[in-house]
Structures are given as C-alpha cells and as structure tokens.
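The next block holds one structure in the form of structure tokens; read it before the comments.
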Amino acid sequence: MALNGGTPTRWADEEDEETSPQQHQQPPADDDDDGPPPGFETTRPAASAGGADAAAEALAGVKVSEEPPVDDPDLSIRAETLVDDSPGEVKTVAADGASFYTSAKTFEELGLSQELLQGLYTEMKFERPSRIQAQTLPMILLPPFRSLIAQAHNGSGKTTCFTLGMLGRVDPQLQAPQALCVCPTRELVVQNQMVLERMGKFTGITCTSTAAADYATSRRTRINDQVVIGTHGKLRDWMQKRVLDVRNIRILVFDEADEMLKQDAFADDTVRMIKQLRQATPNIQILLFSATFNERVKRFAQKIVPDANQVFIPKEELSLDVIKQYRVLCPQGSDKVKVLKDMIFPLCEKLGQTIIFVRTRETARSLHAVMETEGHKCTSIEGGMDKQARDKVVREFREGTTKILISTDVLSRGFDVTQVTLVINFDVPVERDLRTPAFETYLHRIGRSGRFGRKGAAFNLVTGESERRVVDEIQAYFKHDIPEVPYDDEDKFVEVLRKAGLTEG
DNA sequence: AAAAAAT
C-alpha cells in the first residue's frame, strides 16, 4: 500500500490555504503500521494522557456554574485543565500546553456568520450552547483549529457540535468539498445531512451525501458541494474515482468515532482515510465524536490523532439516570414474545414510540412476521434490506405512522427520534462470542429513548443463565441498578411505566 | 455474526 508510512510523506508543494498560524507537527511516524490489531495494545500513551487519570478524577466535581439548557452531567476534561475563578467559565489548556479555551456562553462568541447564527436561532430554535457545545465549539471553531476527541452523552447535542463545526469552517465562496463527515450507517448519513441542511439553511452552503441519489448513478460527476457526508465504503469509492476531490478538505469528522475505530473492517478504512487526507492537507482538523470510548479504543484514537484536544466522561457518569432500566425474567424464549404481545403492544398507544432491538437479521424478520400474523402492527429494519425499504421504514417511523419498530443494531447508534420513550432489548447486547456483554451497544441502544432530557425506559428481556449474567455485568459496569419486573404481571408493568414517567395513570 | 461498498 502506498499509504504505509515509513517515510513521512509531506506534500509541501501542494497549496496550503490553511489560515492557522500554527503549523501542526506531522504525527511521529513511529512504526505506524496500518490498522489497530498489531500495534494496538502496545501503543504508548498519548502525550496529553500522561497522569490525566488523576487529573480527571480531581476534576470530576468541576461544574460550570451557569446551568446549561440541556441537563448534562459532569464532563471531565482529559487534557490538562484548570478552572478559572470567574463564574460560568471553564478554561481548558489545549493539547499544546500553551493556549487555552474558555467555554462559550453564547453562540456569538464563536465568530460565526450572521447566516449561520440565523439558522441556529430561527431554524434550530437554539438559544444557548449546551454544555458539550460550550466546551467543544471554541476548540473546533477558533484558531488554531485543533483536532478534537470528544465524548458526550447520548442526546446531549453532539451532532450540533460537529455540524456547526463543519458549517463554520467552510468558506462559502469556495465551490469545492471542504468538510467531510463519515458515519457508520446509511441512516445516520441521512439524519446528519438533514440536520446540517437545516442549520445551514441561510448560508448557501451546499451538502451532498452517499445516501443522496444524484451521485449514485452518474459516476463521473465531480462533487462541488462544500460538505460531503457518507458511509466510508462509498466515500472511499468516490475518492478513488476522483469523484470526490479532497484537496480542499479542511475538516474531517467521524460520527460514532469509537465504532469507526473498532478492530473490524471499519478501523482499517478509517486509518487509511485519515492518512490520505493528511497527505493532501497536513494540518487537517479531525473531529472524533461519540458517546462511548472504551479504554482500548480511546488509546487507539489518541494514537491516530495524537495532537488532539480531548474531552472524556468518567465511566460511572455514563449511564443515563433519566432512562429507567428494568429486567424481565422470561422462563422460556417464547415468553419474550408473550411479554411483547401482552404488555408492550397493548400499552403502546400511550407510550409514544418503541424500538425493539434484536441480535440478528433473521430474528428481526421472524419476530416481525410473528407479530404481524397475530395482528400486531409494527415494522422492522435490518442491514440486509434494500435501501429503499430501509428509507421507507425509517421515514414512516419518523413521521409517527408506525409506533413500534423492530431493529438490529443498525439503528442502535445515533438514531434520533424524539418520540421514542421505550427501548426493548429483546436480545441483550453481546459481543461476537455471544457471552461478553456489549457495554457500549447497551448504552447506545437505551440512549435511543430519553432524547434531550425527555423521559425514557428500557426493558431487558432475559431468558436463561447466560443472559441473566450479561445483565448483571452491565449493571455492575455502569454501577446502575436494573431491577426486575415480573414477566406476567400487567399491573406491575403499568406501575413501572408510570414511575418512569411514560404513562399518566 | 450487526454493520459498509460494489461487482
């Protein structure tokens, strides 16, 4: 592969329109093998992570004194951090150890265009930055436009951070791709494009995506849109075919970044894409956003983007308290279906919308079939379906035409439908070995409910010893109680749902 | 064995 970095490739002859006064160092090309598997475990800690654990703990109690509009628990900042005496401000020392950032109390402080501010206020109806936005937007939008690894809770406004980041950094006069956003699923691509186009409504900035039909057929068309959003397979294809010209890309975003850096095929593509873009633009700004970064992925991210500012949340504060979580012990597998039929479906009209997560595509199909034959109306989605069918199912669910959606983990991350109040884990989330709990997946799944501080509940349907242990381990990991609800007691179900705030009476 | 791509 030409990408293998034995020699530090720097195309100094390439035009460099970067306004940043600070030339970033080329990341030390230390045995920079492709992909995570070999060099992964032996990674040295990133510079800024040295002693950061202690620092993070010391700072766990730091609060921004002014209440943000979104109820977002404490963030700890994994770069060196100090707190200014003046109220309402958090000053964060940047990864270079010299400059610092002050959290933004208003959107006005961020040097945004009038058109962009108008989009925020009139189209998005935002008033002030949420907590994660206040902290990260200055890092993203103000010189020297450093890279950023940021963790924030589900439903706390991450999308706004990177969407605004992209819009804010695009030069509206330059008709060429300048911002690139990579997502793990088609559904997220569509969703992010919708958000970006709303927010940028008055800016004239154009956006296309791999889910948009225009480019899907005509391969030779060159993309002129300033923002490009896509899944990585198709993006790589576009880059190879030179449909997508990367020479002007100044900001590269990975949504659900920990997923994109996992040791699957994703990671390889992600690392390659970063290397390729760095060759074109050495000081490209890279943003890695997710609600979850386990320790391994975190270290890998720090290696891939070593000069990044970093914002992380302690594990204990990750589990969202607003989402009430329960376990339902079902003696037989068939009792899970009974719970759906007897408890969930009859109540669904009062519940808002429900997503039922299953482990395999086959279960999604068969469970859907079973419910339909019994006269229970619902839809299902899995990655094996054709694109039009997927789009249709999602569209109907967003419109509220359908109330109950059966899904594989294709929708476990990022999918944002405000009306979802209930999540059912028909199968508890497990890793590939089918025994290890998939902690991150669990958090993302239940995070489909309780968006932006609204009510939410999650039921884990449990059959057998192995599933019970998985729930126990999830409970212990997040230090969050997952009490039992009897599978055949309708009154208890109603009571629990009422307590979770989902029904009135 | 979920997911992504395209032939």
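Worth saying up front: this structure is predicted, and the values here are computed from it rather than measured. Convention: sequence-line order gives letters A, B, ...; per-chain numbering from 1.
- Of the residues in residues 380-397 of chain A, those lying under 4.0 Å from DNA chain B by heavy-atom distance are A:E382, A:G383, A:R390.
- Straight-line distance from the CG atom of A:L434 to the P atom of B:dA2: 10 Å, rounded to whole Å.
- Between A:R413 and the options A:D258, A:T441, A:T185, a side-chain hydrogen bond (donor to acceptor under 3.5 Å, both in side chains) holds for only A:D258.
- Per the geometry, CD belonging to A:E256 stands 15 Å off C1' belonging to B:dA4, to the nearest Å.
- Following rounding to the nearest Å, A:H232 (NE2) and B:dA3 (P) show an atom-to-atom distance of 13 Å.
- A sub-4.0 Å separation between OP1 or OP2 of B:dA2 and a side-chain N or O of A:S412 is absent.
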- Test log, rule side-chain hydrogen bond (donor to acceptor under 3.5 Å, both in side chains), inputs A:R250 and A:N283: CA-CA 8 Å; A:R250 58 174 71 172; A:N283 47 12; over 6 Å; no
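- Of the two residues contacting DNA chain B, namely A:G230 and A:E362, the nearest-nucleotide position lying further toward the 5' end is that of A:E362.
- Here the side chains of A:R169 and A:Q285 are in contact, with some heavy-atom distance below 4.5 Å.
- Straight-line distance from the CG atom of A:L235 to the P atom of B:dA6: 11 Å, rounded to whole Å.
- Applying the 4.0 Å criterion to OP1 and OP2 of B:dA4, one finds that A:K234 has every side-chain N and O outside that range.
- Residue A:F266 has its side chain nearest to B:dA4 when only B:dA6, B:dA4, B:dA2 are considered.
- The ring-ring contact (aromatic ring centres under 6.0 Å, His included) contacts involving residues 244-289 of chain A comprise A:F162-A:F289, A:H232-A:F266, where partners must be two or more places apart or lie in separate chains.
- Picking from B:dA4, B:dA2, B:dA6 the nucleotide with the shortest atom distance to the side chain of A:D237 gives B:dA6.
- With rounding to whole Å, A:F415 atom CZ is found 16 Å from B:dA2 atom C1'.
- To the nearest angstrom, P of B:dA2 lies 15 Å from CD1 of A:I406.
- Distance CZ (A:R186) to P (B:dA3): 14 Å, rounded to an integer number of Å.
- In this structure, A:D258 atom CG and B:dA2 atom C1' are separated by 15 Å, rounded to whole Å.
- Evaluation of the salt bridge (Lys or Arg N to Asp or Glu O under 4.0 Å) test over residues 362-372 of chain A, restricted to residues two or more places apart or in two chains, returns A:E362-A:R365, A:R365-A:E382.
- A side-chain donor-acceptor contact under 3.5 Å links A:Q353 to the backbone of A:F397.
- Among the protein residues, A:R236 comes within range of the nucleic acid bases, having at least one heavy atom under 4.0 Å from a base atom.
- Residue A:R435 qualifies as open at atom CZ: its count of foreign heavy atoms under 6.0 Å is 12 or below.
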